[in-house]
Amino acid sequence: MSQALGTMLWLSPLLTLTAEEFPQLRAPPPAAQPAAMGCAGWFQCLGGIALLVPSRFYNKVQDLHQGTGGSAANPLLAYSLIKRLQSDWLNVVHSLEASENTQALKYGYTQVEKDLPDFEDLEGAARALMRLQDVYALSVKGLAKGVFQRASGTHLPDLYSPGQLFPLSADDCFLVGKVAYDMADYYHSIAWLEEAVSLFRVSYGEWNTEDEGSLEDALDHLAFSYFKAGNVSHALSLSREFLHYDPSNKRIARNVLKYERLLVESPERAKAEVGLQRPNVTHLQTRDLYEELCQTLGSQPTQYQIPALHCSYETNDSPYLILQPVKRELIRLQPYVALYHDFISDLEAEKIKGLAAPWLQRSVVASEEKQQKAEYRISKSAWLKDTVDPVIVSLDQRITALTGLNIRPPYAEHLQVVNYGIGGHYEPHFDHATSRKSPLYRMKSGNRLATVMIYLSSVDAGGSTAFIYANLSVPVVKNAALFWWNLHRNGAGNGDTLHAGCPVLAGDKWVANKWIHEHGQEFRRQCGPDPDD
């Protein structure tokens, strides 16, 4: 996708929209002609051809844009906006209703096509909604209504109450279900297609030019999903309903005969209760613990329970911190986890985000001897050297004073800035290498000894950092720095540091990571007699 969308527009599961990137939509003057638009951005072009496309579709996009309130923190709003500008707009451009203005419409579209979300972005946004549904135990019926209510039986409080509701249309739900269907994920396809069918039934007879699907399409996909899940009886019922609307469809008629034959041959299938099992795509062994921590923030003890966990001003014997000591909150002693409040200023956070934004790319993970993209890590990241700007130099000095460690290259990695958008997450992992074949050892400076993670933004909901085996999770605290040791003093990896970045439920999460390696710290963090230290 083109960088022309601006430094803060990350579609797919990385969507961030600000008012600066999306100026208010205005209808063009009557004399506006597509060939003379000179589009400066895709919204201007959308406005320029607004008189040519169905005004209803234009108003739908405009209403979504005006509802952003500066940024698309609500994932339902973000998904809807991506869909309007990907599949919906394409359907309008190539519709029969647009035949009289085909040339002008296609011209306007091609002028901005490179800056529009592509299908990968749309598919990623749909998968992000399914991820949020799973991790936060959300009701699909509630999501379709624009509310983030828990699924029945969870007995958990709601995590997010948006100021404005953005309900999904029947076609919006159909597309999410179809994305799951295409992945043979019938657990999710059934839930979303059921909602699509329900909404399509209510509006049957009304046809929107921009829609991808219809009641018949939803019934078709839902019937086959139930068949694949083992519920032949319901697949038959849905297929018969399809034929009620389209009696001439021979393929569905053949399916009906097939389902009827299967039920005659195996009558027990008519009464079989099919328990759909949620897929574990990444084969995550700690999934239940991880999701519980994301939902509840874990079981952090309070100060009166463990007096050793307290807040204090710290100088770490550094002259740099004498006049302005850092505010330390001890979160955990084993593994050692501390949160340093107000570690950076708002101006510094915005500066770092601005420096990184033009260079953001899909984050990768270490796999054996190489690095690659992975579904269990959805974010974008960039690396900033200290030569980029004095603010990075100042930050490095502060980290040195805080930790007492040597962070000059090659003893520490450059600052990594990460942006998480819709459903952005990083499933449980270690920061330190667990194999000598890891790419981390290419620096010739040993393993990752410690992590400093700085929260550059706040979020409305979700996005906490969960330590799985320590049974705690730390919410996003803007401008604070989270510190922990990855290795014991003897150099062995600390298994209790297994941690995860919970999916961002609402908002735009930015963090900056500084990873400090073993070498260069020999006299700064010396070995001790206790192997668990």
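Nothing here was measured: the structure is a model prediction, and the numbers come from that model. We number each residue from 1, following the sequence as shown.
Counting only N and O atoms by type, the side chains of Tyr469 and Thr286 include no donor and acceptor under 3.5 Å apart.
Between Thr403 and Arg524 there is no side-chain heavy-atom pair separated by less than 4.5 Å. With a 4.5 Å cut-off on side-chain heavy atoms, His517 and Arg448 count as touching. Looking at Val418 and Trp510, their side chains never come closer than 4.5 Å, going by heavy atoms from C-beta outward. In this structure the side chain of Glu194 reaches within 4.5 angstrom of the side chain of Leu222, judged on heavy atoms. With a 4.5 Å cut-off on side-chain heavy atoms, Phe430 and Asn494 do not count as touching.
Taking all atoms of both residues into account, the shortest heavy-atom contact from Asn406 to Ile516 is O-CG2, 4.0 Å. The shortest non-hydrogen separation linking Ile392 to Leu415 is CD1-CD2, 4.0 Å. The two atoms that bring Glu522 and Gly520 nearest to each other are OE1-N, 3.0 Å, heavy atoms only.
Residue pairs satisfying the salt bridge (charged side-chain N to carboxylate O under 4.0 Å, His left out) criterion with at least one member in residues 454-478, sequence neighbours excluded, are listed as follows: Asp346-Lys478. The salt bridge (charged side-chain N to carboxylate O under 4.0 Å, His left out) pairs that include a residue from residues 487-504 are Arg489-Asp533, where partners are two or more places apart or lie in different chains.
No side-chain donor-acceptor contact under 3.5 Å links Asn231 to the backbone of Tyr226.
When the ring pair (Phe, Tyr, Trp, His ring centres under 6.0 Å) test is applied to Phe174, the partners found at least two apart in sequence or on another chain are His221. The side chain to side chain contact (heavy atoms under 4.5 Å, CB included) check on Asp342 picks up Lys327, with sequence neighbours excluded. In this structure Val176 satisfies the side chain to side chain contact (heavy atoms under 4.5 Å, CB included) test together with Tyr79, Ala126, Leu129, Met130, Trp192, sequence neighbours excluded. Remark: Ser225 engages Tyr181, Tyr186, Ser189, Ile190, Leu193 in a side chain to side chain contact (heavy atoms under 4.5 Å, CB included) (not counting sequence neighbours).
How far CD of Gln295 is from CG of Leu138: 8.5 Å, rounded to the nearest 0.5 Å.
By the 30° and 60° cut-offs, the orientation of the rings of His429 relative to Tyr426 is parallel. Classified by interplanar angle (parallel below 30°, tilted 30° to 60°, perpendicular above 60°), the ring pair Trp383/Trp515 is tilted.
Judged by the 6.0 Å and 45° rule, Arg436 forms a cation-pi pair with Tyr441.
Each of Leu505, Ile82, Asp121, Val504 was checked for a side chain to side chain contact (heavy atoms under 4.5 Å, CB included) with Ile422, and the lone residue meeting it is Ile82.
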(request) Report the C-alpha distance between Asn486 and Thr451 in whole Å, list the side-chain angles of each, state the deciding distance to 0.1 Å, and finish with yes or no for side chain to side chain donor-acceptor pair (under 3.5 Å). (result) CA-CA 7 Å; Asn486 295 305; Thr451 295; 2.9 Å; yes
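When ring centroids are compared, Phe467 and His499 come within the 6.0 Å threshold.
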